[in-house]
Amino acid sequence: MPAGPTDAPTAPSANEIAAPAAAREPAGRTFGRLGTIRLGIVGCGAFARFSAEQYRRLPAVTVAAVADVNPEAAHRAATTLKAGVVDPEMLIVSPEIDVVYLATPPAMHHRQARAALRAGKHVLVEKPLAITLADAQELEAVAARHGLVCVANLVERYNPLAEAMRRLIESRILGGLIHGLFMNEAADEGLAPEHWFWDREKSGGIFVEHGVHFFDLVAYWLGQGTVVSAARSVRPPAGVEEDGEGPLEQVYRPVEEQVSCTCRYPYDGWAGHTQSLVPEALRRDPHWGVLFHFEHGFHQPSRMDRQELRLVFERGEIRLYDWVPTHGFLRAVVDEESAEILARMLPGSVVRVTDRLEENERHVRGRFRDFEATITVEISFTTGLEKLALYAKTVHDLAEDQFARVRNPLHVRRLTEADSVASVAMACEADRLALDAG
Ligand SMILES: NC(=O)c1ccc[n+]([C@@H]2O[C@H](COP(=O)([O-])OP(=O)(O)OC[C@H]3O[C@@H](n4cnc5c(N)ncnc54)[C@H](O)[C@@H]3O)[C@@H](O)[C@H]2O)c1
């Protein structure tokens with residue numbers, strides 16, 4: 001397991017001391033009138049409109065200005081948010097802005113975030129932080145040099161169920177975690193053929209544009225992983241029907257619609273065995289660790305959009321549903337006391353004992369080892385929130401956490417710049433292996 005959030009502030013470096021005054025200001029900085037953080041939004045598309053609604057609810061935060069290359073999008077957002085419209089390049093360096101929220105397509109993130117950091121702004125970047133690892137690392141370095149926040153909007157770890165799973169894995173109450181699986185059958189109904197999502201130059205591809213969320217979530221539970229193998233499949237171009245008067249159907253270029261990868265995480269997967277008890281020679285076995293398989297496809301009608309994340313333990317399994325998981329289901333062979341603890345760990349839990357084991361059935365065996373159990377149980381659990389309400393809460397809570405850091409450099413965050421870069425590293429490696437695999 002990771003040691004916990006590693007978000008301690010760093011000592012000023014030589015570069016930081018040499019940085020221009022504007023770039024050094026965050027420590028002890030006072031914000032706009034009455035200490036209100038002035039937020040500037042660059043890119044006023046679908047997701048910015050959703051996020052901005054949550055940011056408006058934060059205390060002492062005001063959306064001061066919005067910008068978009070599409071004036072109609074900028075004016076629409078400005079009217080709703082009662083903010084001024086500014087040219088994107090001007091907003092990024094404006095002295096009237098403390099934090100820039102970038103909600104432009106992925107390929108724009110690096111250049112715009114770097115410009116904002118260089119102008120002394122904290123930056124909340126939509127995921128992915130950047131579409132190449134080198135660009136993501138550069139942003140992390142510039143932010144660290146200037147003592148500024150620059151994280152990607154990786155909301156998954158702000159879900160109460162992500163936190164519950166982290167505690168449950170750590171507790172080993174279901175035994176060691178053996179493997180995981182994420183199946184994402186996502187809708188593409190809102191993604192027209194000309195949408196930037198399908199253009200790898202603009203999006204970085206599915207692993208980078210979307211997969212980063214789930215690389216980050218699993219890293220939150222198990223630490224930084226490595227990609228073992230990856231593959232992709234491309235949707236064939238639509239056929240053309242001729243009726244004698246020309247084509248009836250437009251030809252679309254082939255697009256990547258499904259990606260798949262297997263990753264390994266440095267988690268020992270045994271209950272009751274600490275790593276230090278494992279002989280050194282075994283610890284170095286490259287095949288050791290928890291395997292996690294990720295499938296992401298964008299090809300479903302909206303009504304069929306669905307996700308399932310499965311965690312398989314020595315004594316049971318957990319299934320989480322929806323892409324920011326809203327609810328889940330656990331099955332296990334345990335004793336009454338463990339079932340009670342599990343029920344307390346999971347929000348909105350309802351326990352059903354499905355079998356009481358006879359005296360002679362209580363000796364249970366798996367993975368060459370014995371344990372005692374008295375019941376089999378099913379526990380359903382829920383955040384109690386609908387998909388969109390939970391999604392909104394995670395967006396709100398991430399911003400609240402990061403804005404607390406903007407105000408106080410000693411505030412320890414759940415998500416750091418290093419986490420944002422780590423998710424890009426996994427995604428770029430998976431993408432490289434998938435392309436190499438042909
Ligand atoms: N965190 C999440 O859960 C989540 C969910 C959905 C989308 N996103 C991310 O949000 C970002 C935007 O996605 P979207 O679905 O809102 O896309 P979108 O196409 O609806 O909006 C993008 C907006 O950026 C504008 N734009 C393009 N280039 C610009 C530039 N150089 N300067 C200023 N504005 C520019 C476009 O005109 C458009 O209005 C992407 O990075 C996407 O991956 C994140």
Side-chain angles (χ1 to χ4, degrees), residues 40-55 65-78 80-81 85-94 100-116 123-131 135-136 139 151-159 162 184 186-192 194-217 296 298 305 307 322-325 387-388 390-399 402 415 419-420 423-424 427:
I41 299 179
V42 181
C44 300
F47 201 68
R49 292 198 295 277
F50 180 69
S51 302
E53 278 309 309
Q54 315 317 317
Y55 301 157
V66 298
D68 199 297
V69 286
N70 173 352
E72 208 181 298
H75 281 101
R76 185 148 69 118
T80 314
L81 299 166
V85 175
V86 183
D87 170 82
E89 306 303 317
M90 308 254 299
L91 187 151
I92 286 170
V93 297
S94 164
V100 175
Y101 167 53
L102 291 175
T104 48
M108 310 303 307
H109 295 175
H110 170 251
R111 188 183 62 73
Q112 292 179 324
R114 189 177 55 179
V123 196
L124 181 53
V125 188
E126 257 322 323
K127 55 81 193 167
L129 183 60
I131 62 170
D135 284 354
L139 292 179
V151 292
N153 204 15
L154 296 166
V155 295
E156 291 283 348
R157 41 171 98 196
Y158 289 84
N159 181 350
N184 183 5
D188 72 342
E189 210 173 304
L191 298 170
E194 58 281 1
H195 195 285
W196 56 259
F197 176 87
W198 303 114
D199 182 345
R200 288 175 49 87
E201 296 288 310
K202 294 184 178 148
S203 69
I206 294 178
F207 279 125
V208 174
E209 201 280 338
H210 194 73
V212 285
H213 270 309
F214 304 93
F215 291 131
D216 184 59
L217 178 62
H296 298 284
F298 283 79
D305 182 274
Q307 293 76 29
D322 291 336
W323 89 261
V324 175
K387 243 194 291 195
L388 271 187
L390 179 63
Y391 201 176
K393 176 177 159 50
T394 60
V395 169
H396 174 279
D397 291 357
L398 182 149
Q402 301 301 331
L415 174 81
D419 299 322
S420 310
S423 65
V424 175

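The analysis underlying the following values was restricted to heavy atoms, covering all of them including side chains, and did not include hydrogens, waters or symmetry mates. When a ligand or atom number is given, it counts from 1 through the structure's own listing order. Starting from 1, each residue takes its place in the sequence as its number.
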What does the N/O contact table under 3.5 Å look like for ligand 1?
| unit_1 | atom_1 | unit_2 | atom_2 | d |
| --- | --- | --- | --- | --- |
| ligand 1 | 1 (N) | E126 | OE1 | 2.9 |
| ligand 1 | 1 (N) | N153 | O | 3.3 |
| ligand 1 | 3 (O) | H213 | NE2 | 3.2 |
| ligand 1 | 3 (O) | Y391 | OH | 2.6 |
| ligand 1 | 16 (O) | A46 | N | 3.3 |
| ligand 1 | 16 (O) | F47 | N | 2.8 |
| ligand 1 | 19 (O) | W196 | NE1 | 2.8 |
| ligand 1 | 20 (O) | A46 | N | 3.0 |
| ligand 1 | 31 (N) | Q112 | NE2 | 3.4 |
| ligand 1 | 32 (N) | Q112 | NE2 | 3.2 |
| ligand 1 | 34 (N) | V69 | N | 3.4 |
| ligand 1 | 37 (O) | D68 | OD1 | 2.6 |
| ligand 1 | 39 (O) | D68 | OD1 | 3.4 |
| ligand 1 | 39 (O) | D68 | OD2 | 2.7 |
| ligand 1 | 41 (O) | T104 | O | 3.3 |
| ligand 1 | 41 (O) | H109 | NE2 | 3.3 |
| ligand 1 | 41 (O) | K127 | O | 3.0 |
| ligand 1 | 43 (O) | K127 | O | 3.0 |
| ligand 1 | 43 (O) | K127 | NZ | 3.0 |
| ligand 1 | 43 (O) | E209 | OE2 | 2.6 |

Legend entry - Qualifying residues under side-chain hydrogen bond (donor to acceptor under 3.5 Å, both in side chains), relative to E209, sequence neighbours excluded: K127
Inset, instruction - Tell me, please, which residues at least two apart from Q54 pass side-chain hydrogen bond (donor to acceptor under 3.5 Å, both in side chains). - result: R57
Legend entry - Side-chain (N70) to main-chain (E72) donor-acceptor, under 3.5 angstrom: yes
Inset, instruction - Say whether, by atom type as modelled, one donor and one acceptor occur between the side chain of H210 and the main chain of I206 under 3.5 angstrom. - result: no
Compile the donor-acceptor pairs under 3.5 Å between side chains in residues 390-398 and protein atoms, sequence neighbours left out, one pair per line.
| unit_1 | atom_1 | unit_2 | atom_2 | d |
| --- | --- | --- | --- | --- |
| K393 | NZ | D397 | OD2 | 2.8 |
| T394 | OG1 | Y391 | O | 2.7 |

Inset, instruction - Working to the nearest 0.5 Å, report the span between CG of L129 and NE2 of H109. - result: 9.0 Å
